[in-house]
Amino acid sequence: MAAEYTLHINGRDYVTSENKSILRYLRDDLHLTSVKDGCSEGACGTCTIIVDNQAVKSCVLTTKLARGHDIVTIEGLTEREQEAFVYAFGAAGAVQCGFCIPGMVMAGAALCRRTPDPTDLEISQAIKGNVCRCTGYKRILVGIKRAAAILRGDEQIDPSAERGDNYAVGEQIFRVDVRRKVLGFGKYPDDMTEQDFPGLSYASAVRSKYPRARVLSIDASKAEALPGVVGVLTAADVPHNQVGHLIQDWDVMIAEGDITRCLGDAVALVVAEDAKTLERAKKLVKVEYEPLEPVRSIEEAKAPDAPRIHDSFFAFGNTVELADNVCQSRHVTRGDAAKALAESAYTVTQRFTTPFTEHAFLEPECAVAAPYKDGVKIWSTDQGAYDTRKECAHMFGWDDTPERVVVETMLVGGGFGGKEDVSCQHLAALAAYKFGRPVKCRFSRQESLYFHPKRHAMDATFTLGCDKDGNFTGLDCEINFDTGAYASLCGPVLERACTHSVGPYKY
Ligand code: FES
Ligand code: FES
């Protein structure tokens, strides 16, 4: 007989025979979606809960180990604690995207239960395992301190602040979404479950094993035969196999015979009735590759015999043939820099390099899509609903009828430019349309890191001139961008780099 684990959660007992992470149990079985999943591996703190009055990351605690312990999620905090944190975080301006906030609140609440009047140092230590990418820790620290003061009775809640009675220019006001973000009931796409979408299935891509390799064959027969698998899609199932925010150079999936460009490339899309079957089925998709030498740097890409990353791309209607690996170029001129530098008393030339930079938004990419009228509706976490619609309509071959795709943006757990391209939205939409059922597509943290473009690595050489008194006279620079496998926003960002290269100075 399978072992049974009795779990005491928010004052009630629950029994399960499954040994899995408490995070998954809370979210999937009890639908306590205030507990956020930012990484599933103990690195981010978004999943923090209180266990025996201590803050614990629920993704690294199992149902087996949690037996006999007192578990509290935000839903189980006392009403007084909930109201204290809503008010304190609202007043401190401690909420932005909100994805980290329930975890921060739980870390703060656990501290306040043990230490009613915590010092700044104690608060800093209490949240040291919780990452916030957008608010900044200072305001969160102030929020926890104010919540502690309210809980001690040293500060009172002013209900007019949340109501916005003093709403006026110059007044400090609450964000309209403070309550739902602090208490975690605001919905990000991953918070939508079978309760919202009966028959919800789950999609995930099999991604390339090599950064650059020819896909020789894809055999999904074993995965398709697995009970619970809805189906497996490949490039052959995509009406128009290219998407992209400004330039359509991004294969929805790499077709048999084609060459991958990075580890984030999708080769097949598996759809299953539950997440467990999905992971098993992905392992059954057999892909044969011919590994090829990747192009790793600007130097390698510029070499005369460099393999071509793309032969051409589409820019909404027009095909642009490429002669080399240069995706975009910009030339910004103001005045005669060469003359100014030649006439300068002094010049200095220096080379600077910057690495790729990960956006590190706390919420991994996620979308839910469902058949809708004669097309699909997508609930997504992205930075532009209309851009997502345009890209998905393009994939379906519906450029002339983009209204067949409807996009509703849910709460977005950070983006910072990293969620401008479609990532999972088009995959969820494709599966929902093909199989006629609601589908969720959510990236793991690792998949997110592999997939989305990074801020471009740059290699720049600047020559700056000045007169004998040190006043700047001119600047010339060449900046090379590594945009990775796909164009994404390289054109506008390159232009920004050029126009900003002179800094805020008078020449
Ligand atoms: S630490 Fe648990 S989800 Fe990131
Ligand atoms: S508010 Fe903390 S990650 Fe966005």
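Whatever order the structure lists them in is the order used to number ligands and atoms, beginning at 1.
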Colleague: Mind checking whether Tyr87 and Phe174 have parallel, tilted or perpendicular rings, split at 30° and 60°?
Modeller: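 Because their plane-to-plane angle lies in the 30° to 60° range, the rings of Tyr87 and Phe174 count as tilted.
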Colleague: Measure the distances from the heavy atoms of Gly98 to every atom of ligand 2 and state whether one is below 4.0 angstrom.
Modeller: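 Gly98 counts as a contact of ligand 2 under the 4.0 Å cut-off.
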Colleague: Could you list the atoms of ligand 2 found under 4.0 angstrom from a heavy atom of Cys97?
Modeller: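 Answer, ordered by atom number: 1 (S), 3 (S), 4 (Fe).
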Colleague: Scan side-chain atoms only and decide if Ser297 and Asp482 contain a donor-acceptor pair under the 3.5 Å cut-off.
Modeller: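 No donor-acceptor contact under 3.5 Å links the two side chains.
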Colleague: Please report which non-hydrogen protein atom sits nearest to atom 3 (S) of ligand 2, along with the residue it belongs to and the distance in Å to one decimal place.
Modeller: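 Going atom by atom, the protein heavy atom closest to atom 3 (S) of ligand 2 ends up being Arg133 N, 3.2 Å.
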Colleague: Indicate yes or no for a side-chain donor-acceptor contact from Thr63 to the backbone of Lys20 under 3.5 Å, with no hydrogens or angles considered.
Modeller: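 It does hold such a pair.
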Colleague: Decide, counting backbone as well as side-chain atoms, whether Cys59 has an N, O or S atom less than 2.8 Å from atom 2 (Fe) of ligand 1.
Modeller: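 Coordinating: yes.
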Colleague: Tell me whether atom 2 (Fe) of ligand 1 has Cys39 as a neighbour, meaning an N, O or S atom of it below 2.8 Å.
Modeller: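 False for Cys39.
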Colleague: Among Val35, Thr73, Ile9, which residue satisfies the side-chain contact (heavy atoms from CB on, under 4.5 Å) criterion with Leu30?
Modeller: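 When side-chain contact (heavy atoms from CB on, under 4.5 Å) is applied between Leu30 and each of Val35, Thr73, Ile9, only Ile9 qualifies.
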Colleague: Which bit of Ala43 gets closer than 4.0 Å to ligand 1, counting heavy atoms only: side chain, backbone, both or neither?
Modeller: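 The answer is the backbone of Ala43.
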Colleague: With no hydrogens and no angle check, do the side chains of Asp265 and Tyr486 hold a donor and an acceptor under 3.5 Å apart?
Modeller: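 Their side chains do contain a donor-acceptor pair, which is all the 3.5 Å distance test asks for.
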Colleague: Relative to the heavy atoms of Gly42, which atoms of ligand 1 are at a distance of less than 4.0 Å?
Modeller: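 In order of numbering, the contacting atoms are 1 (S).
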Colleague: For ligand 2, which atoms, with element, lie under 4.0 Å from some heavy atom of Gln96?
Modeller: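 So the answer, numbered in order with elements, is 1 (S).
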Colleague: Could you identify the single nearest non-hydrogen protein atom to atom 4 (Fe) of ligand 2 and state the distance to 0.1 Å?
Modeller: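 Going by distance alone, atom 4 (Fe) of ligand 2 is nearest to Cys134 SG, 2.1 Å.
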Colleague: Can you tell me if CZ on Arg152 sees more than 12 non-hydrogen neighbours from other groups inside 6.0 Å?
Modeller: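 Yes, because the 6.0 Å sphere around CZ of Arg152 holds more than 12 heavy atoms from other groups.
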Colleague: Could you label the plane-to-plane angle of the Tyr188 and Phe99 rings as parallel, tilted or perpendicular, counting under 30° as parallel and over 60° as perpendicular?
Modeller: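 Ring orientation, 0 to 90° scale: perpendicular.
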Colleague: Quick one: do Asp165 and Arg163 satisfy salt bridge (charged side-chain N to carboxylate O under 4.0 Å, His left out)? Show the steps, please.
Modeller: CA-CA 6 Å; Asp165 291 357; Arg163 284 198 310 265; 2.6 Å; yes
Colleague: Measure the distance from atom 1 (S) of ligand 2 to every protein heavy atom, then report the residue, atom name and distance (to 0.1 Å) of the closest one.
Modeller: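 Going atom by atom, the protein heavy atom closest to atom 1 (S) of ligand 2 ends up being Thr135 OG1, 3.2 Å.
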Colleague: Which atoms from ligand 1 have a heavy atom of Gly45 less than 4.0 Å away?
Modeller: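 This gives 1 (S), 4 (Fe) as the contact atoms.
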Colleague: Suppose I only count heavy atoms of Asp37 and a 4.0 Å limit; which atoms of ligand 1 are within that range?
Modeller: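 Selected atoms, number and element: 3 (S).
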Colleague: Hey, is atom 4 (Fe) of ligand 2 within less than 2.8 Å of some N/O/S atom on Cys132?
Modeller: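 Under 2.8 Å: Cys132 has no N, O or S contact with atom 4 (Fe) of ligand 2.
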Colleague: Any idea which atoms of ligand 2 are less than 4.0 Å away from a heavy-atom of Cys100?
Modeller: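 Those atoms are 1 (S), 2 (Fe), 3 (S).
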Colleague: Could you label the plane-to-plane angle of the Tyr25 and Tyr14 rings as parallel, tilted or perpendicular, counting under 30° as parallel and over 60° as perpendicular?
Modeller: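 Judged by the thresholds at 30° and 60°, the geometry between Tyr25 and Tyr14 is perpendicular.
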Colleague: On a heavy-atom basis, I'd like to know which of Ser21, Cys47, Gly38 is closest to atom 2 (Fe) of ligand 1.
Modeller: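 That would be Cys47.
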Colleague: Got more than 12 heavy atoms from elsewhere within 6.0 Å of CD, Glu171?
Modeller: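 Counting neighbours around CD of Glu171, more than 12 heavy atoms of other residues, nucleotides or ligands fall under 6.0 Å, so yes.
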